[in-house]
Amino acid sequence: MAIDYGECIPNNVNLSADRTLQRALEHWQPKFLRWWNEMGPTDFQRAEVYLRTAVSVDAQGWAQYGRVRMPEYRWGIFLAEPKPERRIPFGDHCGEPVWQQVPGEYRAMLRRLIVTQGDTEPASVEQQRALGHSCPSLYDLRNLFQVNVEEGRHLWAMVYLLHAYFGRDGREEAEALLERHSGDADNPRILSTFNEPIGDWLSFYCFTYFTDRDGKYQLKSLAESGFDPLSRTCRFMLTEEAHHMFVGETGIGRVVRRSLEVMKEIGSDDPARVRAHGAVDLPTLQKYLNFWCSSSLDLFGSEQSSNAAAGFAAGLKGRPDEEQYEDHVLAEASYEVDTPDGRKPVPMRNALNEVMRESYLKDCELGLRRWNRAIERAGVDFVLRLPSPRFRRAIGLWAGHTVTPEGTPIARDAYERRLYDWIPAPEDRAFVRSLMQRVTEPGRMAGWIAPPERGINNLPLDYEYVRL
Ligand code: BYC
């Protein structure tokens, strides 16, 4: 029977006319579905979820809402519209026409970037797979699943590039993306944060706040790529990424709001009493922020990186919003980097991971400012802070150095003694997990989180976002 490609795999890459690509995808799709059923959300495959699906890249088509069973979700392949006459915006080839095919000399580097990006997408679905069982509301359950299916689509986006542009080794890499698994002792995911368990919803909100924001910065830097199909793919992915960070920011904001309400009700900000009344105390929230922020900072790579320099020189990976800069070649420039031996100048191309990490941290500050304003308005004497980028690093110049969240170096034994003052101790995690009781009555929220300000797509809060 002929397959209607436009119907089962919505796309704007003319899939119905491309036999080679069809064959590759026909081979891969059943493996993807098997992976989704085995490693995707547990037990909710029959639920009808109010999801948005991208069926085209224009304003009407990129977010079509309706009830869908997740395994029947139409994972599509979309590239943002081409920019006519686009030129390579940075690096040694700056100003030359962009590439529509893989530049032979940079093939390996380009494949590595696409594989690393692609690997994070199914990884996050695996990390979040058990959360549905402890959802704080149907609204949140639906948001979790929306994030999951879109990470699935982002995997499709990278697999499309591997299949369409890399031939046989691209197809092998596409299979390997389904074979590595988050936290697997023998075959783990490539990047560190994507092997951390996400066992509770507070971790989920922190992950979508901090780790999805790394996604925003990495996608923005790949959207600048001289390899035009990658640039266009990432530009479209960024439209979906915004919702994931929204889930994180509003999720943490609602936890703060509920915590402040409980403090008001009991007339105390004593963390033990806040906990006893079923809310997350602010010191515990701070520990979660420290954990996920420090882990996500590692995702930018080392402060001084020959990979970053090579990717920039080749025109494959730029800086987010490259047009905001004047110098797009960076042959002479240098950048002062904070190292354990003091501030040191590093050739700018080698320092680009650090440049990006610093702008990322400024972006992370915005949410904290909002949460802190709510805390201040409630008259509570507590300020949430981001940890120093030196704290708890496993990648880069600060890896292996013991430093407090304020950035002060400290002896190893003192660091080890105090670590659980700064990141969640097993008993903090156990407490947070004890709050995670599933709530599935439309409109109702678990006691540890305030309701959101509005529903999805202008629907009321008590809409049945997931029919179980
Ligand atoms: N963990 O020169 P270095 C997202 C490796 S998130 C483990 O310091 P480089 C999403 C590195 O691979 C965005 N290994 O750094 C979010 C290299 O290994 P090789 C994902 C690490 O290469 C939420 C060696 O250390 N996208 O989309 O300049 C949900 C030396 O590396 C880590 C991308 O990351 C680490 N944290 O930068 C769903 C974009 N850090 O080559 C999705 C593509 C470094 O010596 N990736 N290493 O074997 C890249 O641009 C770069 O690979 C990195 C690293 C920015 C990650």
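Each ligand, and each atom within it, is numbered from 1 in the order the structure gives. All residue numbers refer to positions in the sequence shown, counting from 1. Since this is a predicted model, take the numbers as computed values, not measurements.
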Looking only at protein heavy atoms, which one is nearest to [atom], and how far off is it?
{"atom": "atom 43 (C) of ligand 1", "result": "Leu113 O, 3.8 Å"}
{"atom": "atom 51 (C) of ligand 1", "result": "Lys317 NZ, 4.4 Å"}
{"atom": "atom 2 (O) of ligand 1", "result": "Ser305 OG, 2.7 Å"}
{"atom": "atom 13 (C) of ligand 1", "result": "Asp214 OD2, 3.4 Å"}
{"atom": "atom 17 (C) of ligand 1", "result": "Asn307 ND2, 3.8 Å"}
{"atom": "atom 15 (O) of ligand 1", "result": "Gly301 CA, 3.5 Å"}
{"atom": "atom 8 (O) of ligand 1", "result": "Ser302 N, 2.7 Å"}
{"atom": "atom 16 (C) of ligand 1", "result": "Thr211 O, 3.4 Å"}

Side chain, backbone, both or neither: Ile395 near ligand 1, heavy atoms under 4.0 Å: side chain

Does Thr120 approach ligand 1 within less than 4.0 angstrom via side chain, backbone, both or neither, non-hydrogen atoms only? both

May I ask you to list the atoms of ligand 1 that are less than 4.0 angstrom from any heavy atom of [X]?
{"X": "Gly215", "value": "4 (C), 6 (S), 13 (C), 27 (O)"}
{"X": "Phe207", "value": "23 (C), 29 (C)"}
{"X": "Glu121", "value": "27 (O), 38 (C), 42 (C)"}

Answer yes when Glu365 and Arg369 have at least one side-chain N-carboxylate O distance shorter than 4.0 Å, and no when they do not. no

Using a strict threshold of under 4.0 Å (side-chain N to carboxylate O), is an ion pair present between Lys344 and Asp338? no

Evaluate [X] for polar contact with ligand 1, using N/O atom pairs at a separation under 3.5 Å.
{"X": "Gln117", "value": "yes"}
{"X": "Asn353", "value": "yes"}
{"X": "Glu151", "value": "no"}
{"X": "Ser192", "value": "yes"}
{"X": "Ser124", "value": "no"}
{"X": "Asp298", "value": "yes"}

Taking the six-membered ring for Trp and the full ring for Phe, Tyr or His, determine whether the centres of [X] and [Y] are under 6.0 Å apart.
{"X": "Tyr106", "Y": "Phe227", "answer": "no"}
{"X": "Trp156", "Y": "Trp28", "answer": "yes"}
{"X": "Phe32", "Y": "His27", "answer": "no"}

Please check if a non-hydrogen protein atom sits closer than 4.0 Å to [atom].
{"atom": "atom 25 (O) of ligand 1", "result": "no"}
{"atom": "atom 46 (N) of ligand 1", "result": "yes"}
{"atom": "atom 5 (C) of ligand 1", "result": "no"}

Compare all side-chain heavy atoms of Tyr50 with those of Gln146 and state whether any distance is below 4.5 angstrom. no

Restricting to heavy atoms, the pick from Asp212, Leu316, Leu299 nearest atom 53 (C) of ligand 1 would be Leu299

Describe, in one word, how the ring planes of Phe300 and Tyr360 are oriented to each other, choosing from parallel (under 30°), tilted (30 to 60°) and perpendicular (over 60°). tilted

Could you pull out all residues at least two apart from Thr211 that satisfy side-chain contact (heavy atoms from CB on, under 4.5 Å)? Thr193, Phe194, Phe207, Trp292, Ser296, Leu299

Quick check on [X] - does any of its heavy atoms sit under 4.0 Å from an atom of ligand 1?
{"X": "Ile190", "result": "yes"}
{"X": "Arg112", "result": "yes"}
{"X": "Phe194", "result": "yes"}

Side-chain donor/acceptor of [X] to backbone N/O of [Y], under 3.5 Å:
{"X": "Gln127", "Y": "Glu196", "result": "yes"}
{"X": "Lys287", "Y": "Tyr420", "result": "yes"}
{"X": "Thr208", "Y": "Phe204", "result": "yes"}
{"X": "His93", "Y": "Phe90", "result": "no"}

Relative to Tyr139, does Arg454 satisfy both conditions: NZ or CZ under 6.0 angstrom from the six-membered ring centre, and within 45 degrees of the ring's axis? no

Hey, could you give me the CD1/OG distance between Ile449 and Ser137, rounded to the nearest 0.5 Å? 7.0 Å

Start with the C-alpha gap between Gln304 and Asn350, add the side-chain angles, then the distance that decides, and say whether side-chain hydrogen bond (donor to acceptor under 3.5 Å, both in side chains) holds. CA-CA 5 Å; Gln304 191 171 355; Asn350 296 69; over 6 Å; no

